[in-house]
Amino acid sequence: GAGVSQTPSNKVTEKGKYVELRCDPISGHTALYWYRQSLGQGPEFLIYFQGTGAADDSGLPNDRFFAVRPEGSVSTLKIQRTERGDSAVYLCASSLTRTANTGELFFGEGSRLTVL
Amino acid sequence: SQQGEEDPQALSIQEGENATMNCSYKTSINNLQWYRQNSGRGLVHLILIRSNEREKHSGRLRVTLDTSKKSSSLLITASRAADTASYFCAPSYNTDKLIFGTGTRLQVFP
């Protein structure tokens, strides 16, 4: 597809379960970002990748959160032992060039996670 | 903090009026970007202004940047109901980490 694709669009899980959220960026985009957004708030930075490596993971809230991008394209955000406070919309974005230069982010529609 | 802070938090206007929202940031930037988010959707890039630019236009959007005051403004002229959305600024520094504030929620009434 032409845009950033995120699956699933909605995920309902129970407290303590493991969850994986997938992001398929725009083809050729080397940078990939994960954000988390709660209702009425702005997107909260979690992690970003340049290629296969995590360039900055300072936003991951704790060690229950982990993200990978093994081939420099698709990325998976993994959440272990989910808690009710993890409920949010998880947004993925990709960029062709560095945002420090003139790179703009292209966002997916998000994955809404609800932890019961 | 690396995030921009948008002001006001909320803005309500009638169709046809102009909407102005502001963004302040703390340290020197490479560029500043504005994004729009419609309810329940992802963010959409609107416009980018470089640190050496003072004003930029795109359609009904006008962005200004005052690096001495560390602030930017986004003006939407002749607003439409379809402009109803949240608007976020994102200052870009030497890192590639874009941090967003809480945004300005714009409501345009028909």
Side-chain angles (χ1 to χ4, degrees), chain A residues 1-7 9-10 21 23-26 29-51 53-60 88-112, chain B residues 1-10 21 23-25 27-53 56 58 61 63 65 74 85-107:
Chain A
V4 176
S5 175
Q6 291 188 247
T7 55
S9 55
N10 273 288
L21 306 175
C23 174
D24 202 337
I26 293 172
H29 281 198
T30 56
L32 185 146
Y33 295 72
W34 284 101
Y35 292 86
R36 176 171 72 173
Q37 188 174 29
S38 300
L39 193 63
Q41 302 297 313
E44 174 193 3
F45 171 83
L46 297 177
I47 185 172
Y48 94 89
F49 291 87
Q50 270 295 346
D56 189 324
D57 64 357
S58 60
L60 294 177
V89 175
Y90 289 80
L91 294 167
C92 177
S94 67
S95 177
L96 179 62
T97 56
R98 293 185 60 200
T99 57
N101 295 332
T102 56
E104 63 180 86
L105 297 187
F106 293 82
F107 281 82
E109 297 291 359
S111 291
R112 180 177 298 278
Chain B
S1 171
Q2 292 183 294
Q3 73 185 56
E5 293 185 8
E6 297 89 350
D7 174 69
Q9 289 187 335
M21 50 207 88
C23 170
S24 60
Y25 56 92
T27 61
S28 296
I29 58 172
N30 287 358
N31 64 66
L32 187 140
Q33 306 187 25
W34 285 91
Y35 289 79
R36 182 189 75 226
Q37 184 178 35
N38 291 92
S39 182
R41 308 295 297 273
L43 281 72
V44 173
H45 182 266
L46 293 176
I47 197 164
L48 178 152
I49 187 163
R50 293 182 175 86
S51 60
N52 61 355
E53 297 176 315
K56 202 160 181 182
S58 176
L61 306 181
V63 167
L65 179 65
L74 171 66
S86 291
Y87 292 81
F88 298 91
C89 71
S92 178
Y93 304 93
N94 280 330
T95 72
D96 293 313
K97 184 165 80 173
L98 272 192
I99 306 294
F100 295 89
T102 55
T104 293
R105 290 183 301 282
L106 173 66
Q107 175 79 51

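Computed from heavy atoms alone, side chains included, the values below leave out hydrogens, waters and symmetry copies. Chain identifiers are assigned alphabetically (A, B, ...) following the order of the sequence lines, protein sequences preceding nucleic acid strands; residue numbering begins at 1 within each chain.
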Open item on the list: Does any backbone or side-chain atom of A/Ser95 lie under 4.5 Å from a heavy atom of chain B? Answer side chain, backbone, both or neither.
Closed with: neither

Task: Minimal non-hydrogen separation, A/Gly42 against B/Phe88, with atom names - done: CA-CE2, 3.5 Å

Open item on the list: Is any side-chain heavy atom of B/Leu98 closer than 4.5 Å to one of A/Tyr48?
Closed with: no

- [ ] Go through A/Leu105, A/Ile47, A/Leu91, A/Val89 and name the one with the most non-hydrogen pairs under 4.5 angstrom from chain B.
- [x] A/Leu105

Task: Shortest non-hydrogen contact from A/Gly103 toward B/Leu48 - done: O-CD1, 4.4 Å

Open item on the list: How long is the straight-line distance from CD of A/Glu104 back to OG of B/Ser92, given to the nearest 0.5 Å?
Closed with: 12.0 Å

Task: Proximal component of A/Tyr33, with respect to chain B [non-hydrogen, under 4.5 Å] - done: side chain

Open item on the list: Counting only non-hydrogen atoms closer than 4.5 Å, does A/Gln50 touch chain B with its backbone (N, CA, C, O), its side chain (CB onward), both, or neither?
Closed with: side chain

- [ ] Considering non-hydrogen atoms only, spot the tightest contact between A/Glu109 and B/Gly42 and give its length.
- [x] OE1-N, 3.1 Å

Task: CD/B/Gln9: more than 12 non-hydrogen atoms of other groups inside 6.0 Å - done: no

Task: Spacing of B/Ile99 atom CD1 and A/Tyr35 atom OH [to the nearest 0.5 Å] - done: 6.0 Å

Task: Heavy-atom contact with chain B under 4.5 Å, split by part of A/Gln37 - done: side chain

Task: Segment of B/Gln37 engaging chain A (4.5 angstrom heavy-atom cut-off) - done: side chain

TODO: Evaluate the side-chain contact (heavy atoms from CB on, under 4.5 Å) criterion for residues B/Arg41 and A/Phe107: first the C-alpha distance (whole Å), next the side-chain angles of each, then the deciding distance (0.1 Å), finally the verdict.
DONE: CA-CA 9 Å; B/Arg41 308 295 297 273; A/Phe107 281 82; over 6 Å; no

